[in-house]
Amino acid sequence: MQIVLFEDRTWSKFLPLVYTKPVGDLRIGILKIAEKYQKIFNAEVHHETRVHLHGLFPPASVKADLHINARLMPDRAIVDAISALGGNQSLMRDGVLLAEHRDTNYNDTTTEVQYEGKPNLLNQITDLYTLNGEALKFDFDLLTKSKRSIDIHATNTLIGNSDLLYIAPGAKAYASTFNTTDGPIYIDSDAEVMEGSHIRGPFYLGEHSQLKMGTKIYGATTIGPHCKVGGEVSNSIIQGFSNKAHDGFIGNTLIGEWCNLGADTNTSNLKNNYSKVRIWSYRDNQYADTGLTFCGLIMGDHSKCGINTMFNTGTVVGICSNIYGGGFPSKHIPSFMWGGSDGAVEYEWTKALDTITRVMQRRSIELSVEMIEMLKYVFESTAVQRHSPTQSQE
């Protein structure tokens, strides 16, 4: 069986994180969305996405049996409903196509089957962290069904159910506390929890990632592979290959890949008047209400900030931007910008590419031709944002 995760017309709600990847390649919980379906159905998974991403995410070479909406989060009920679809049947809810099973006689028409439950659809970018707790618990059950954790080292303290703590072979954790009262904790292979760290589940620490000494992790937090994290983190997702290695607070925050937060970077996630948070909407080209009281920073791939950077509530940073200086920078920082609260200019393409190349080489990863072409496309297509007055402080 082959599965295709397709993007519907709402994909732009997940910018800036999806400038560089399909919606189905986003990590939420432990696994990326595509990895969840690959594991559930034991199938090869492809992406039906935008043309500029085809070099990195090529379309399926043969006709796929099963097409699933990339923003549909799996749970037991929806998996059963998808599995029950017959040939040329589509699963619908409130006019939204959730999944479609195609057979050899498919001719762009299907028989609709109405899903009676409430699907876990990602409707806006902030759903990644608001639904992260549920996704962590689902993925934990999915991945630990037939696996046994290594023994926790005697220097650690466990609070809660030991069955909800999984430490993979090769991981190291010493003199730290693990609290599974509110959800599971998964420490992946070759990850390290340094002394004095305090972790509350649900939580995931990715392969080869590291919690620095004295790190404080609050629940519903995901740290992807090859990250270094310190300080205080609450209800946040770091996709992978990114560092927040020093003190400072991030909460209700989404960080892409290949990002770096300088020492003592802090995000506000609550307005002083406790009103709902508005963030920059790439889809609407204006600030939009999230409907949430808590919202921190959203930062796209390859962006960075200097030491002591302060981000206001609901700040959105595009990809490949470099933020530094005193005061609060703008609540919307477009892609490929260089500067801070005192002003910013366009980050020249050649200089940005040089930095990206050096950063990736530090992890022994070469910047491919396909990735360069993808980044150049984003650089050119976002030029209008860098010269628009709408980038000013809300």
Side-chain angles (χ1 to χ4, degrees), residues 1-15 17-18 20-124 127-128 131 134-135 137-146 283 370 374:
M1 175 189 285
Q2 286 203 53
I3 295 174
V4 167
L5 297 185
F6 66 88
E7 295 179 332
D8 60 19
R9 289 180 294 177
T10 67
W11 66 264
S12 58
K13 291 185 176 183
F14 303 95
L15 292 171
L17 294 181
V18 298
T20 54
K21 57 178 62 69
V23 173
D25 196 56
L26 290 171
R27 186 180 306 278
I28 174 173
I30 295 174
L31 301 168
K32 294 182 178 182
I33 297 170
E35 293 171 340
K36 299 177 197 293
Y37 285 107
Q38 186 278 328
K39 183 75 174 176
I40 291 167
F41 289 101
N42 189 27
E44 187 177 334
V45 178
H46 296 271
H47 299 272
E48 186 177 293
T49 185
R50 289 145 281 148
V51 173
H52 82 275
L53 296 174
H54 284 181
L56 295 170
F57 301 91
S61 57
V62 297
K63 185 179 291 187
D65 306 287
L66 192 57
H67 289 241
I68 300 174
N69 196 316
R71 61 190 181 95
L72 178 64
M73 299 298 298
D75 56 29
R76 290 181 179 84
I78 199 69
V79 169
D80 288 344
I82 293 173
S83 300
L85 286 175
N88 292 342
Q89 286 190 326
S90 55
L91 189 64
M92 306 289 296
R93 176 61 194 248
D94 298 328
V96 176
L97 175 61
L98 304 178
E100 188 172 76
H101 189 281
R102 300 177 180 179
D103 64 21
T104 53
N105 299 317
Y106 176 74
N107 60 357
D108 292 331
T109 59
T110 58
T111 302
E112 292 187 2
V113 176
Q114 295 299 316
Y115 182 61
E116 299 300 327
K118 182 179 180 181
N120 284 328
L121 280 168
L122 299 173
N123 292 308
Q124 59 183 13
D127 287 346
L128 289 169
L131 297 179
E134 296 177 38
K137 294 172 183 176
F138 179 87
D139 287 353
F140 185 89
D141 291 341
L142 182 67
L143 293 174
T144 62
K145 191 179 304 181
S146 58
R283 182 183 178 90
E370 292 80 9
M374 178 273 293

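Taking the side chain as every heavy atom from C-beta outward, P22 and W11 never approach each other to under 4.5 Å. Residues Y37 and L66 fail the side-chain proximity criterion, which asks for heavy atoms closer than 4.5 Å. With contacts defined as side-chain heavy-atom distances shorter than 4.5 Å, the pair D127/L121 does not qualify. V79 places none of its side-chain heavy atoms less than 4.5 Å from the side chain of R76. Looking at heavy atoms from C-beta onward, L53 lies out of side-chain contact with D25 at the 4.5 angstrom threshold. Inter-residue side-chain proximity for E7 and H47 is flagged as unmet; no heavy-atom pair is nearer than 4.5 Å.
Separating the CD atom in E100 from the CE atom in M92 is a distance of 9.0 Å, to the nearest 0.5 Å. Rounded to the nearest 0.5 Å, atoms CZ (F57) and OG1 (T49) are 8.0 Å apart. Within the model, atoms CD1 of I78 and CG of L91 stand 5.0 Å from one another, a figure rounded to the nearest 0.5 Å. For the atom pair CD (Q2) and NE2 (H67), the distance works out to 9.5 Å, reported to the nearest 0.5 Å. Annotation: the span from L26 atom CG to K21 atom NZ amounts to 6.5 Å, rounded to 0.5 Å. Here the NZ-CZ distance, from K36 to F138, works out to 7.5 Å after rounding to the nearest 0.5 Å.
In terms of modelled atom types and a separation under 3.5 Å, the side chain of R93 and the main chain of Q114 share no donor-acceptor contact. Although no hydrogens or angles enter the test, the distance criterion places a donor-acceptor pair under 3.5 Å between the side chain of Q89 and the main chain of G86. N120 contributes no side-chain N or O that, together with a main-chain N or O of M73, makes up a donor-acceptor pair within less than 3.5 Å. Between the N88 side chain and the T109 main chain, no donor and acceptor come within less than 3.5 Å of each other.
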Going through the distances and angles, do N123 and T10 end up as a side chain to side chain contact (heavy atoms under 4.5 Å, CB included)?
CA-CA 8 Å; N123 292 308; T10 67; over 6 Å; no
Which is it for M374 and T20 under the side chain to side chain contact (heavy atoms under 4.5 Å, CB included) test, yes or no, and what are the steps along the way?
CA-CA 7 Å; M374 178 273 293; T20 54; 3.7 Å; yes
Quick one: do R50 and V18 satisfy side chain to side chain contact (heavy atoms under 4.5 Å, CB included)? Show the steps, please.
CA-CA 10 Å; R50 289 145 281 148; V18 298; 3.7 Å; yes
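For the residue pair A43 and Q38, the shortest heavy atom distance occurs at O-CG, 3.1 Å. Closest heavy-atom contact between G117 and P119: O-CD, 3.4 Å. Annotation for I33 and V23: closest pair CD1-O, 3.6 Å, computed over non-hydrogen atoms. Across I28 and A135, no two heavy atoms sit closer than the pair CG1-CB, 3.7 Å. Nearest approach of A70 to L5, heavy atoms of both residues: CB-CB, 4.1 Å. Across S90 and T110, no two heavy atoms sit closer than the pair OG-OG1, 3.0 Å.
Within the structure, the salt bridge (Lys or Arg N to Asp or Glu O under 4.0 Å) test picks out the following pairs touching residues 60-75 (sequence neighbours left out): D8-R71.
Within a 6.0 Å radius of CG in D80, more than 12 heavy atoms belonging to other residues, nucleotides or ligands are found.
Side-chain atoms of H46 and E44 include a donor-acceptor pair closer than 3.5 Å.
Among T144, L142, L143, the one residue that satisfies the side chain to side chain contact (heavy atoms under 4.5 Å, CB included) test with I30 is L143.
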